[in-house]
Structures are given as C-alpha cells and as structure tokens.
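Chain A is the first sequence line, chain B the second, and so forth, proteins listed ahead of strands; every chain is numbered from 1.
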2 protein chains.
Amino acid sequence: MKCALGIDIGGTTIKYSLVSTEGKLFAKYSIGVSPNKKQEDTLQDIFASIEDNIEMENPDIVGIGIGCPGGINPWRGTCDYATNLGWKNFAITEATSKKFGLPCFIENDANVALLGEIYFGIAKNYKDVVFLTLGTGVGSGLYLDGKIYSGNEGKGAELGHSIIEHNGRLCGCGRRGCLECYASASALSKDAALAMAHHPESMMWQLCSNPNRMNGAVVFAAEKAGDPVAKEVIDNYISYLGDGCLDFCNIFRPQAILLGGGVAKQGEYLRSKLQRYIEKNGYGLLKVNPPKTEILIASLGSDAGIYGAGALCFENLKAE
Amino acid sequence: MKCALGIDIGGTTIKYSLVSTEGKLFAKYSIGVSPNKKQEDTLQDIFASIEDNIEMENPDIVGIGIGCPGGINPWRGTCDYATNLGWKNFAITEATSKKFGLPCFIENDANVALLGEIYFGIAKNYKDVVFLTLGTGVGSGLYLDGKIYSGNEGKGAELGHSIIEHNGRLCGCGRRGCLECYASASALSKDAALAMAHHPESMMWQLCSNPNRMNGAVVFAAEKAGDPVAKEVIDNYISYLGDGCLDFCNIFRPQAILLGGGVAKQGEYLRSKLQRYIEKNGYGLLKVNPPKTEILIASLGSDAGIYGAGALCFENLKAE
C-alpha cells in the first residue's frame with residue numbers, strides 16, 4: 001500500500017502521520033512548535049521526531065506533503081511568512097526532500113485541509129469547491145476545475161477579507177467591513193455578548209454567565225431552546241455568512257461550499273439554515289440560471305490537515 | 001500570415017473581421033441583431049454576411065472565435081441564455097464549425113475582450129488579470145495562471161455581483177448592495193444627479209442642465225475644474241470601486257486589474273486615483289506582503305471584442 005508522509009503545521013503543534021492512497025491514517029505523532037525557536041531549528045526538530053517514530057526508508061512511502069499557515073509559495077516550496085510562528089522567507093521543501101530523499105510539497109493549510117476533504121472526506125470527487133473555515137477568522141481554500149487554486153505568487157484566496165460592509169467593522173487586516181468581521185466564530189461570540197448586554201432577559205445568561213466567555217455553541221443552544229435574542233444574533237450571522245457564500249457563488253459557481261472551523265461543529269443545523277438562505281436569496285440571474293451550489297460540512301475534523309498533506313503529495317505526484 | 005475569424009456579438013450589432021496571429025485587424029463588417037428574430041435565423045444571417053464579405057476557403061484561416069453576452073458554456077459551445085438578445089439554449093459553435101469546416105470556439109464577451117487585451121493590448125504577456133468593465137453594469141473577466149477562467153459550467157466570474165454593502169442598494173440581479181450598484185457608470189451618474197439635486201451651486205449644473213442626462217464624463221470634468229460637490233461624488237465612487245478591487249486582490253492576487261467600459265475612458269486620471277487608493281488602503285497582510293497589483297486601462301476600445309474573438313481561437317488551438 002503506497003503512502004505519503006503528511007505533516008500538518010499548526011500554530012502550537014506540528015502533527016504528522018503516514019496516509020495511504022486509500023485514505024488510511026497510520027499512527028499520529030506530534031511535536032510542539034514555538035515562535036521563540038529559530039525556524040531552521042524547528043525544522044531539525046521535526047526531522048528528528050520523524051526519524052524517531054517512522055521508518056522512512058520504506059519503498060512504499062512515495063513522498064511528503066506539508067500544510068502550513070501563512071503565506072506559502074508552493075512552487076518555490078517556501079513559507080514566505082507565518083506571523084504566529086515568527087517564520088519568514090523559510091525554505092522548507094528543499095531541505096525536507098534532501099533529508100529523506102523523497103519529493104516534498106507544501107501548500108497553505110486551508111488549501112491542504114480542503115484537499116483532504118476532496119480526497120478522503122465529504123467532498124470526494126467534487127471538482128469545484130470553495131472552503132471556508134469559521135474560526136477565529138474566516139480562512140479559505142479554493143479547488144477550481146479539479147485543482148487547488150493558490151493565486152498568483154501562491155498568495156491568493158483570502159476570501160474572508162472580502163468587504164461585505166463598506167466602512168464597516170475594523171478588521172485585523174487593516175481594512176473595514178471584511179466578511180471575517182461578521183462571519184467568524186469570534187464575530188458570532190462578540191455579537192452575542194453585545195446582545196446579552198442589551199437583553200438581561202436573554203436565556204444566554206443562563207447558559208453563560210460571563211459574556212466575555214461566550215462562544216458559538218452557546219448562542220446556537222439558546223436559539224434552539226427558543227431564545228428570541230439568540231435567534232436575532234443567529235439570523236444576522238446567517239445573513240452575513242450567506243451573502244458571502246452567494247458572492248462566491250457568483251464568482252466561482254462552485255459545486256459546493258464546504259464549511260469547517262468551530263462554527264461548522266453545528267453540523268446539519270447550520271448547513272440547512274445556510275442552504276435555505278442561499279436558495280431563498282439566490283444570486284445573479286437567479287431565474288434563468290438557478291443556483292446549484294450545495295452547502296457541505298467538513299467531515300475530517302482535526303485530522304483534515306494530515307489527510308490533506310498526504311493528499312497534496314499524491315496530487316502533485318499524479319500531475320508530474 | 002495565419003488568421004482567425006473573430007466574431008463579436010453585441011446587444012444590437014454583430015461585428016466580425018479576420019485577425020492575424022500578430023494582431024493585424026483586416027476589414028471589419030457588421031450586421032444588426034434583434035431579439036425579435038429567431039436565434040437560428042440570426043445565425044443564418046451571420047453566415048450569409050460572412051460569405052458575402054470574406055473568402056473563407058483560405059488555408060491561412062485556422063479557425064473561428066466568438067464572443068457572446070450572457071451565460072456561455074464554452075465546452076458545449078452554447079449560449080445558455082442571453083437575456084437582451086432573447087437567446088436560450090442556443091448551440092452556436094457546432095453549426096458554425098460545420099458551415100465553414102473550421103474549428104470554432106465561444107466564450108463570454110467580457111472574457112473574450114480580456115483575452116484581446118492579453119494577446120494584443122495593454123495586458124500583453126500578463127498571466128493573472130482581473131478585468132472589470134464599468135458600464136451600465138460592472139462586467140468582469142478572469143485570466144488566471146495563463147488561462148481564461150470560466151467557472152464551473154462556464155458561468156462564473158460575476159465579480160460585479162459581489163456584495164459590498166450588506167442590505168444596500170437593490171441590484172438588478174435581485175440582491176442588495178452589489179458592487180455594480182456603486183461602481184458602474186450608471187451608479188456614478190445617478191449619484192451625481194442626486195448630489196446636484198442637493199447642491200444648486202454645483203458646477204455640474206453648468207455642464208449638464210438636466211440631471212437625468214448626467215454621465216461620468218461630466219462628473220469628472222466638474223471635479224477637474226474644482227467643483228467640491230463633484231469631488232465628493234468621485235471620491236465616494238473611487239472608495240467603492242477601490243474596495244472592490246482590493247477584494248479581488250485578496251482573492252486572486254492578480255498582477256493587474258484591467259478597467260474597461262465607459263468610466264475607463266477617463267484613462268490615466270482614473271487609473272492613478274485608483275492606484276493611489278489601493279496602495280493607501282492596502283489589503284490583507286499589507287505590512288508583511290505589500291500589494292503589487294497594477295491598475296491598467298484597456299487599450300483596444302470597441303475593437304477589443306473582435307481582437308479577443310480571434311485570440312480565443314488562437315488560444316484554443318494552442319491548447320489542442
């Protein structure tokens with residue numbers, strides 16, 4: 001059984017495992033990562049950990065795939081910047097390839113997670129998918145016409161930084177009114193906390209006595225239990241997320257919009273609400289050309305990054 | 001000299017000419033088109049006109065390219081709908097190819113005009129370009145990684161129908177707050193007329209005594225002459241158009257954003273304003289990864305469609 005070594009680099013942990021072409025995940029390993037360590041030393045740590053745990057001189061291992069946060073140049077094999085890790089102009093694939101004598105490929109973590117879902121998850125066999133991760137921010141990945149779209153210089157696809165409210169909320173990116181400011185898990189929590197402050201009668205107070213500790217799950221729980229304040233927060237959230245989704249329908253006409261990240265843990269409940277919103281509101285030329293975009297919920301959970309890193313390797317070897 | 005027959009289908013006129021691989025345009029011909037005529041009869045009219053004017057049995061003619069408004073499926077060679085022409089489910093390339101014994105290709109008119117600029121105009125040799133036409137609406141074309149991007153089913157790239165103002169102005173597409181409602185030539189004229197109504201002292205009254213006949217050129221002329229009311233209208237227009245451009249920078253990280261349509265006739269004056277706006281406001285991760293997107297003004301004018309149709313043919317034959 002042919003395998004790839006899949007490496008998922010996160011903000012605090014690096015996870016890796018062998019992944020078979022059929023989507024079997026072998027033993028998972030992880031090591032910590034810190035911005036206080038020199039980037040080259042971190043790479044040596046990864047190499048040492050892999051050598052400790054996996055017999056890499058196995059002819060069934062065909063290559064290595066890496067998912068990495070930040071600005072990645074997949075063609076040069078570099079992490080040009082990863083702010084949270086303190087990495088800059090970091091050549092990763094060349095050293096890794098040399099170390100293990102195997103081809104090595106790297107991509108942005110969101111694109112890699114998307115590829116995991118395309119190869120081994122809910123989006124299997126789809127060829128046009130927009131992926132949105134609803135977490136601290138709104139991350140994104142694009143799979144267009146059967147290929148990962150990385151953008152010119154490998155730095156495209158920041159869908160979460162599309163403006164949906166001209167002169168709206170100040171975004172971490174420096175602009176105002178980005179989708180991320182309205183459709184991230186953080187935005188949902190903040191909106192709920194604000195609504196609580198105005199509504200002492202809201203059921204959300206019973207579920208979470210400290211508004212600073214609000215999270216999406218609490219808002220959804222209160223809404224399901226019939227709290228009108230939570231309902232207003234959720235309806236507003238869906239209208240922003242839904243409008244963003246419709247924008248991406250207009251641009252890419254994808255077969256599916258795939259949702260991941262914290263808010264997507266609401267699963268079918270979120271999916272059906274959003275599907276109804278986009279079908280009701282439609283997009284350009286609704287009548288002559290009705291939308292057919294499915295909303296999907298990511299299925300691989302926290303393993304998507306490792307699966308995807310393996311898939312990235314298979315995808316690149318296939319193309320060669 | 002190898003040539004293609006380029007056919008540019010517009011809302012009222014169909015223009016065509018031979019285009020050489022070096023970008024030489026031969027004699028141009030045109031015939032009228034009307035939604036009152038059966039679509040199949042219109043195609044026969046086109047054939048008859050071509051036969052009258054061009055000796056098609058010339059071994060230097062390598063194929064035929066067609067640019068067409070509406071929803072085009074380039075793979076099936078059909079115009080699935082073109083509302084203004086009254087066309088629906090119209091198979092165009094097969095009949096055309098059979099008629100002249102030549103390969104025939106079709107694409108959305110905006111994508112075709114963009115391809116004209118890429119082959120023979122200002123965007124020569126660029127490989128990642130976002131094209132916006134600022135006319136009655138905001139049309140768009142995408143050239144990504146050296147290829148026209150048509151979207152799944154050939155119906156993508158409606159960039160003008162991205163929402164930039166949640167619950168904003170009602171758009172012809174049925175949604176609210178689309179970029180088109182703020183950045184089209186029509187929107188500019190309407191905003192100017194509204195500003196005139198509030199400001200009887202505006203210089204715009206001297207240039208255009210009837211606000212219903214306002215157009216972009218008048219607003220720009222008044223602004224250049226120092227009218228503060230016109231300046232406010234233009235500044236507001238640039239902020240919306242600029243934010244839309246920055247969104248597309250975040251998504252595609254293009255080498256250039258190319259502007260066409262009526263407003264783009266302002267040329268360098270518009271270009272430099274917009275370039276300043278996007279450089280000042282930046283986009284995601286401005287500091288670690290400054291934008292390098294150039295603003296360009298389309299150079300082929302009303303011939304872009306014919307040039308592009310020729311280019312479409314060369315592009316497809318190159319790929320085969």
What do you reckon, is [atom1] of [X] surrounded by more than 12 foreign heavy atoms closer than 6.0 Å?
{"X": "B:E294", "atom1": "CD", "value": "yes"}
{"X": "A:N84", "atom1": "CG", "value": "no"}
{"X": "B:Q39", "atom1": "CD", "value": "yes"}
{"X": "B:K190", "atom1": "NZ", "value": "no"}

Between B:D128, B:D80, B:L179, who has the most heavy-atom pairs with chain A when the cutoff is under 4.5 Å?
B:D128
Can a donor-acceptor pair be found, under 3.5 Å and without considering hydrogens, that links the side chain of A:N250 to the backbone of B:E158?
no
Heavy-atom closest contact (A:E165 atom, B:E165 atom, distance)
OE2-OE2, 3.5 Å
Looking only at heavy atoms and a cut-off of under 4.5 Å, which of A:L142, A:D145, A:L144, A:D243 has the most pairs with chain B?
A:D243
If you tally heavy-atom pairs under 4.5 Å between each of A:G244, A:C171, A:S239, A:G160 and chain B, the highest tally belongs to A:S239
Against chain B, label A:Q255 side chain, backbone, both or neither, depending on which of its atoms sit under 4.5 Å from a heavy atom there.
both
Counting only non-hydrogen atoms closer than 4.5 Å, does A:I163 touch chain B with its backbone (N, CA, C, O), its side chain (CB onward), both, or neither?
both
Check whether B:Y182 gets within reach of chain A through its side chain, its backbone, both or neither, counting any heavy atom under 4.5 Å.
neither
Angle class for the A:Y149/B:F252 ring planes (parallel below 30°, perpendicular above 60°, tilted otherwise)?
perpendicular
Short N-O contact, A:R175 and B:D247, less than 4.0 angstrom
yes
Inter-residue atom distance B:N281.CG - A:R176.CZ, 0.5 Å rounding:
11.0 Å
Close side-chain approach of B:I164 to A:I164, heavy-atom, < 4.5 Å
no
